[in-house]
Amino acid sequence: MLIDTHTHLFDDRFRKDLPAVLDRAAAAGVERVVCLGIDRESSIESVRIANTFPLVVAAVGIQPNSAAEARPGDWEEVVRLAEAEARVVAIGETGLDRYWDRTPFALQEEFFAKHIDLARRLNKPFVIHCREAEADVVKVLRAEFAAHGPVRAVMHSFTGDLATAKACLEMGLYISFAGMVTYPTAQNLRDVAKEVPLDRLLVETDCPYLAPQPVRGKRNEPAYVAHTAALLAEVKGASVADIAGQTTRNARALFGL
Ligand SMILES: [Zn+2]
């Protein structure tokens, strides 16, 4: 079995065939799909999808690149969904992003802190988006770790270096790899993946973006998480069944599934 720990099923590219997409996921051995909001509307939509399809659970949040466009009441709606909706298993996605210049960094930091506080208050994990902001994210996590102990969170679609991965692992986080780890040019990511202990490893598609080899260039979808699991099995010298089983146990533990 597999769990796709990071998807955006509300995307327009799934509007026409989401039931078929989820059927293919189930046929590929995917037992659970986490659908994460990036703003108010997509958080509401993620909850609606989770309430419609038994395969799907939701996370709600305002992604750093969306934070600048958040209107009054948007954050309060995210909080309301997180408190009231039984199928919301995590807070996010949240995090920090220095690659896109869409939200002033101070505002990103403010939103990141709000998500972390909400997750702690509701005893739910949070999901971290980190792009070219590894040092900033680790700094925030160190403060959280110092104040509250082990951090229940995942570094999603990890693209950082080994030092960042180790810092996160020491604080209790999980490391999740998406399709990028399968790309021929991403040897650096495979080198990091090799060092991540099996009991902290997660897999995801981040669909509809960045499909793994050998379906690269197509619309990504949860069934393709099997390709990433197969690649990680190769990298770690384990069987595909072992990687699937262990990453599924990890996802169940993190998200309380
Ligand atoms: Zn995402």
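Whatever order the structure lists ligands and atoms in, that order sets their numbers, starting from 1.
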Inset, instruction - State the count of protein N/O/S atoms located less than 2.8 Å away from the Zn ion (ligand 1). - result: 3
Inset, instruction - May I ask you to say whether Lys166 pairs ionically with Asp161, meaning some side-chain N is under 4.0 Å from a carboxylate O? - result: no
Inset, instruction - For the residue pair Tyr224 and His227, categorise the inter-ring angle as parallel (less than 30°), tilted (30 to 60°) or perpendicular (more than 60°). - result: tilted
Inset, instruction - Using the six-membered ring of Tyr183, assess whether NZ or CZ of Arg216 lies under 6.0 Å from its centre and within 45 degrees of the ring axis. - result: yes
Inset, instruction - Taking atom types as modelled, find out whether Gln108 and Thr103 have a side-chain donor-acceptor pair closer than 3.5 angstrom. - result: no
Legend entry - Test item: side-chain donor near acceptor, Glu93 and His6, under 3.5 Å: yes
Legend entry - Distance, nearest 0.5 Å, that separates CZ of Arg40 from CZ of Arg80: 8.5 Å
